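Here the structure is laid out as structure tokens; the discussion comes afterwards.
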Amino acid sequence: MGRRKKSVMASEKFDIGSLYQKSPNDNYYFRYQINNKRKSISLRTKNYTEAKAKALKLLPVIRSTSAEVLAAHVSTARSLEPPKETLPLSEAWDMYSKQPNRATPATVSEQLSYQSTFEEFVNFIDDPLRLIHEITYEDALGFAEYLKPQGLAVDTHNRKIKRLRKIFEVLKKYCHKTESPFKSPSLLRKTREEQNQAVRRLAFSREQVQQILQVLDDPTKKVINKDEVKIIYFLGIYTGQRLKDCVLLRWNRIYLNRRIIEVKQFKTGKEVNLPIAQPLYDVLLEAQKFKKNDSDYVCPKIAERYSRCDKRGKNIGAGLVNIDILRVIKWAGIETSVKVEGRKKAVTVYGFHSLRHSFASYCAEAGVPKAVVLSILGTDSDIVDKYYTHISEEAQHRAMTAIAGEIGTLSPADKINRTMAYINTLPNNDHLQEIKRLLIED
């Protein structure tokens, strides 16, 4: 026996296509052919009068000979239909926060930033009852333009746009769009907008590091838990690690007998082994007298302060510790930040992170192989490239000037002969005789 055909309830035929239901309680469909291919569109209504009206609107489009034009018009026709599920902006965040594919940032601070950015956008729209599927690219563009004069860094601006992009992608069920209204790259600012921004993070000079050490030993300069602040600075100076890695270092990661510190970097998750320089060894040896257990923090008071959170779980202690760290730098007579035109916040030029730059700079100057420095700072450190590129350029310059004859135009013998000629013009005495002897002695 042949396969039984599925019953279809034909309702009405037009000169092109037909209107039908698959069953009495089903939606109406419109069937037609284009380029010898049969297609069918759900009209999303069980009401015959509404279905016929929608079908009549599609007929002029279907008569088009262009499949691309047809697809565009059909998409437009579908978008005119009210969505099955609607969601006002006022309820969108609660719905987003329940979705399994929502963003899950590593820190509470960034999680809260997602919420505050969305609330900022809702306030910009100024219509909390507006349905989320009514938000358009024009709304997104308006918000991006609203952000520009606020003095935000390019990265800060772009993070806000990307957060909203993610939120709308997660809620696309309610948006009834294939793409987030924030999807367009034109909403993002370009890095080159700040290419004339000459202010950047700087490395400490050796003299500045010495000034910082003098402040740490000056009893008149007081800061909370100063003995532990000194340890943290020594860790930064002699290992080049980030502030969080220094603050939350535990004794069970320090092997004084082998003179090695093991660090699993919080930012990258990378494991690095750090040799202990003699000045750092002396400081850690002194700090051991306060150690109770191997699992203790090396700087327990600052570690506790650094980990402090508010009622929402957002970390507030890191900022407090950083203020103390910056206070030491300011006492050393170093200006930590500068005001930049067009930016609301001053740009930091010197901070604890500058010690990481200094470490890479000193290693480059000393000719330490780049791979060795990367193994200490972490293999993804772009700081190393910055300073090793600089050293490479200096070497290239020396090579070019040597070829041009700007270096080494006089031999050592020529220089001695010039010196002897000048000495012979001076009044003779025992000191001059000794100088002559030293110059010509083999």
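What you see below is based on every heavy atom in this structure, not just the backbone, and it leaves out hydrogens, waters and symmetry mates. Note that the coordinates shown come from a computational prediction; the quantities given were computed from them, not determined experimentally.
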* To do: Write out all pairs satisfying salt bridge (Lys or Arg N to Asp or Glu O under 4.0 Å) with one or both partners inside residues 317-329, taking only residues at least two apart or from two chains.
  => R305-D324, D324-R327
* To do: Would you please say whether a donor-acceptor pair under 3.5 Å links the side chains of D139 and T136?
  => yes
* Asked: Do L235 and L280 touch side chain to side chain, with heavy atoms closer than 4.5 Å?
  -> yes
* Decide yes or no for Y362 and V209: does some side-chain heavy atom of the first lie under 4.5 Å from some side-chain heavy atom of the second? => yes
* **Student check: side-chain heavy atoms of N315 and V108 closer than 4.5 Å** => no
* Asked: Looking only at side chains, do S180 and R165 share a donor and an acceptor under 3.5 Å apart?
  -> no
* To do: Flag the pair I260 / I276 as yes when at least one side-chain heavy-atom distance between them is below 4.5 Å, and no otherwise.
  => no
* Asked: Taking only residues two or more places apart in sequence or in another chain, which ones pass side-chain hydrogen bond (donor to acceptor under 3.5 Å, both in side chains) with Q99?
  -> none
* Is any side-chain N of the basic residue among R159 and E110 closer than 4.0 Å to the acidic one's carboxylate O? -> no
* Quick one: does NZ or CZ of K244 land under 6.0 Å from the six-membered ring centre of Y306, within 45 degrees of the ring axis? -> no
* Mark yes or no for whether R206, through its side chain, and Q210, through its backbone, hold a donor-acceptor pair below 3.5 Å. => no
* **Flag side-chain contact, heavy atom, 4.5 Å: L355 against R242** => no
* Asked: For Y174 and H133, does a side-chain donor sit closer than 3.5 Å to a side-chain acceptor?
  -> no
* Asked: Are K330 and E335 ion-paired here, with the side-chain N under 4.0 Å from a carboxylate O?
  -> no
* To do: Give the C-alpha distance, both sets of side-chain angles, the deciding distance and a yes or no for salt bridge (Lys or Arg N to Asp or Glu O under 4.0 Å) between K162 and E169.
  => CA-CA 10 Å; K162 289 176 181 178; E169 285 174 352; over 6 Å; no
* Would you call T156 and N158 a side-chain contact if the rule is heavy atoms closer than 4.5 Å? -> no
* To do: Not counting sequence neighbours, which residues clear side-chain hydrogen bond (donor to acceptor under 3.5 Å, both in side chains) with Q241? List them please.
  => Q265
* To do: Hey, could you give me each pair passing ring pair (Phe, Tyr, Trp, His ring centres under 6.0 Å) that has a residue in residues 219-258? Not counting sequence neighbours.
  => Y233-F352, F234-Y238
* Are the aromatic ring centres of Y350 and F204 under 6.0 angstrom apart? -> yes
* Ignoring hydrogens and angles, state whether a donor on the side chain of T107 or S109 is under 3.5 Å from an acceptor on the partner side chain. => no
* List the steps, then state whether side chain to side chain contact (heavy atoms under 4.5 Å, CB included) holds for R163 with K166. => CA-CA 5 Å; R163 289 175 193 139; K166 175 64 175 178; 5.9 Å; no
* Structure fact -> side chain to side chain donor-acceptor pair (under 3.5 Å) pairs touching residues 294-304, sequence neighbours excluded, are R250-Y297, K291-D294
* Provide the full list of salt bridge (Lys or Arg N to Asp or Glu O under 4.0 Å) pairs with a residue in residues 111-126, sequence neighbours left out, each pair given once. => E120-K160
* Asked: Is there a donor-acceptor pair closer than 3.5 Å between any side-chain N or O of S361 and the backbone N or O of H357?
  -> no
* Heavy-atom side-chain proximity of L213 to I237 below 4.5 angstrom -> yes
* Restricting to pairs with a member in residues 254-266, which pass salt bridge (Lys or Arg N to Asp or Glu O under 4.0 Å), not counting sequence neighbours? -> R253-E262
* Apply side chain to side chain contact (heavy atoms under 4.5 Å, CB included) to F14 and list each qualifying residue two or more places apart in sequence or on a separate chain. => E12, L19, F30, K52, A55, L56, L59
* With the side chain counted from C-beta on, respond yes when N27 and L43 share a heavy-atom pair under 4.5 Å apart, and no when they do not. => no
* Whether F121 and F168 hold their rings parallel, tilted or perpendicular, with breakpoints at 30° and 60° -> perpendicular
* **Set of residues satisfying salt bridge (Lys or Arg N to Asp or Glu O under 4.0 Å) with respect to K98, sequence neighbours excluded** => none
* What pairs meet the salt bridge (Lys or Arg N to Asp or Glu O under 4.0 Å) rule with one or both residues in residues 209-224, with sequence neighbours excluded? -> D217-K230
* **By side-chain hydrogen bond (donor to acceptor under 3.5 Å, both in side chains) - contacts of D282 (at least two apart)** => Q278
* Residues in side chain to side chain contact (heavy atoms under 4.5 Å, CB included) contact with L141, at least two apart in sequence or another chain -> Y137, E145, L187
